[in-house]
Amino acid sequence: MGAEKVLTIPEAAQRDKASFEVLRVWIADQGQHVSIRSGAWEDPFAWGIVLADLARHIVLAHQLQNKDTDPEAFLNRLLEGFEAEIVNPTDEPEGEVTQ
């Protein structure tokens, strides 16, 4: 992992004055910490699309760095982890609305 703690903002997000951030995930104190723009969409279906697209972006990023990656096997393993955590959570979300 590089020295940078903050990821680069995509060019399209910098260019588009109507763009907005919906999710930020950090690993800190040996746990996951998130900021979410919870009111971005009323229909939870839209969040499902975001999660599916995010999974595919994760697969692509891994494949670009590891040429021998089988994208289908990688995605299936990712989905196994997702399902395992949904069915039997290792922790419970907590937090507050700050805005």
Side-chain angles (χ1 to χ4, degrees):
M1 186 176 305
E4 293 295 321
K5 293 179 98 175
V6 179
L7 298 173
T8 303
I9 298 172
E11 289 182 28
Q14 292 181 33
R15 187 176 55 247
D16 183 353
K17 294 196 183 328
S19 71
F20 57 95
E21 189 171 41
V22 294
L23 178 67
R24 186 174 283 209
V25 182
W26 288 83
I27 305 302
D29 295 332
Q30 300 177 345
Q32 190 180 102
H33 303 268
V34 300
S35 294
I36 300 170
R37 187 174 307 275
S38 61
W41 300 282
E42 291 296 321
D43 188 349
F45 190 90
W47 283 105
I49 292 171
V50 169
L51 291 175
D53 288 347
L54 184 58
R56 289 191 178 91
H57 283 290
I58 292 167
V59 172
L60 176 60
H62 189 81
Q63 187 178 15
L64 290 172
Q65 291 187 328
N66 302 280
K67 299 299 181 193
D68 60 338
T69 297
D70 176 346
E72 186 174 332
F74 190 95
L75 180 60
N76 286 338
R77 185 68 179 146
L78 182 152
L79 292 173
E80 286 174 8
F82 181 87
E83 181 70 17
E85 187 65 17
I86 288 290
V87 171
N88 189 17
T90 56
D91 63 0
E92 291 296 324
E94 57 182 75
E96 59 189 57
V97 175
T98 59
Q99 292 183 353

Is there a donor-acceptor pair under 3.5 Å between the side chain of N76 and the backbone N or O of E72?
yes
Can you name the closest pair of heavy atoms from E21 and R37 and give their distance?
O-NE, 2.7 Å
Q32 to V25 - nearest heavy-atom pair and separation:
CG-CG1, 3.6 Å
Around atom CD1 of I9, are there more than 12 heavy atoms of other residues, nucleotides or ligands at under 6.0 Å?
no
Which atom names give the shortest non-hydrogen contact between N66 and T69, and what distance separates them?
O-OG1, 2.8 Å
As an exercise, state the distance from CG of L60 to CZ of F74, rounded to the nearest 0.5 Å.
10.5 Å
Got a sec: does the CG of D16 have more than 12 other heavy atoms crowding it under 6.0 Å?
yes
Using the rule side chain to side chain contact (heavy atoms under 4.5 Å, CB included), only one of I36, L51, V50 pairs with L23; which is it?
I36
dist R24:CZ -> L7:CG (nearest 0.5 Å) comes out at 8.5 Å
Would you mind listing every salt bridge (charged side-chain N to carboxylate O under 4.0 Å, His left out) that reaches into residues 42-71, with sequence neighbours excluded?
none
Treat each ILVMFWY residue as a node, draw an edge where side-chain heavy atoms are under 4.5 Å apart, and state whether I49 and I86 are in one component.
no
Apply side-chain hydrogen bond (donor to acceptor under 3.5 Å, both in side chains) to T8 and list each qualifying residue two or more places apart in sequence or on a separate chain.
none
Here the pair of heavy atoms bringing A28 nearest to H33 is O-NE2, 2.8 Å
Cluster overlap F82 with V34, hydrophobic side-chain contacts below 4.5 Å
no
Which pair of heavy atoms, one from V22 and one from W47, lies closest together, and at what distance?
O-CH2, 4.0 Å
Please name the pair of heavy atoms, one in A13 and one in S19, separated by the smallest distance, quoted to 0.1 Å.
O-OG, 2.7 Å
